[in-house]
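As structure tokens, the structure follows; a few thoughts come after it.
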Amino acid sequence: MKYLILIGDGMGDFPVAELGGKTPLEAAKTPMMDELCAKGEFFLTKTVPDGFPPGSDVANMSLLGYDPAAYYTGRAPLEAAAMNIRLAPDETAFRCNLVTLDHGAGDRVTMRDFCAGHIGNDEAHALIADLEKECATDQFHFKPGVSYRHLVIFKGEHPGFVTVPPHDHIEQDVTVHWQQYLAQPAWQKLLDCARRVLADHPVNLARISAGKNPASLIWLWGEGKMPSVPTLTARFGIRGSMISAVDLLKGLGVVGGLSVIDVPGATGYIDTNYEGKAQGAVDSLKDGNFVFVHLEAPDEAGHQGSVDAKITAIEDFDSRIVRPIVHHLRQTGEEFRVVVTMDHFTPIALRTHVSDPVPTLLYDSREQKAGSGRTFDEKSCREHDAACGNGLDAGHRLIDKLLIHD
Ligand SMILES: [Zn+2]
């Protein structure tokens, strides 16, 4: 038996007026997911436990079978794991976004862009290299990641301030949060240095003259120490792979003991290598019996507030990831069980995550039920879930539902 979990990050949404009250998932043409949904089980899964923020880290940790209440220590240490950075016990990893901050009158600071215009890797790496050269100390080191997503490794006592994700504060006044860092001398020194290095950096000057948002500053958040996590092999006897463009997911794969497959051209955006991801999943199942495939693009479209991009990303997920994988497994006659779901909603109207339970389908290739006619979307799932009351309140149990223990 092969087991698959296929995730369209942030696919869920609320009704959108310009779609005549449909959600992007309802409006998108998703024949493969609809078929699996009609023939399989369909239920709501609570991926974000009460008291946790609706982050991709928490939600995907649940989907991978780990209770965030027991194992979650922060997003950044997972990203560190993906980058093969081993944190010492006295070290804390912080996510370091390259952001565009506007400094206004009276020290007011506004988050213009949480990702500095989705800055490219080469540009970002030049900036991070210079930040490390100019601003690193015994306490702080910069580690380059992908696009706007990097890390700062901090050695010492956490100052106790509360950090916030920059994508939750787009176009908002973030002065209060900014001043928390500045209240700590060592952190103020780091940020002053970063501001100076970035202000007239050739990369930023070129971006500004091209009409793009510069990486005017860094934003530190999502910090934590390395979690201690038993592998999925130890817990369930499965051997498998993680396929994602995003370091956070790769890190979850590393701590879960999965092989992390690097797919060339996997970008995390709508231009990602869909076919490469599907092929990677199919190839990995030749040796292993479990694969987790994650597509970031619908979430990015949600953060951008782009209905068209979100629909395209969802349709591509269906036709270029879910369908080729399912078709391949059917052709080879391999028995399989597959979950298709999302980690959380990223509603177009809010441009950030919410923790509503997520529509989830579970299909078993051995079932030969006639289709129920229901479709894979939020409304259909709510109606179905209300009818049979089989929602899953603890998202980390989804993996128990997927795996057959014999
Ligand atoms: Zn997510």
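Numbering of ligands and ligand atoms starts at 1, following listing order. Atoms considered below: every heavy atom in the structure, side chains included; atoms not considered: hydrogens, waters and symmetry mates.
- Ser244 and Val246 get closest at one heavy-atom pair: OG-N, 3.0 Å.
- The pair Arg196-Glu134 does not count as a salt bridge, with every side-chain nitrogen at least 4.0 angstrom from each carboxylate oxygen.
- Judged as a salt bridge (Lys or Arg N to Asp or Glu O under 4.0 Å), and not counting sequence neighbours, the contacts of Glu275 are Arg320.
- Every residue was checked against the ring-ring contact (aromatic ring centres under 6.0 Å, His included) condition with His150, not counting sequence neighbours, and none meets it.
- For Arg195 (side chain) and Leu217 (main-chain N/O), no donor-acceptor pair under 3.5 Å exists by modelled atom type.
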Distance-only check: which donor-acceptor pairs under 3.5 Å involve side-chain atoms of residues 248-264, not counting sequence neighbours?
from	atom 1	to	atom 2	distance (Å)
Lys250	NZ	Asp262	OD1	2.9

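- Excluding waters, the count of protein N/O/S atoms less than 2.8 Å from the Zn ion (ligand 1) comes to 5.
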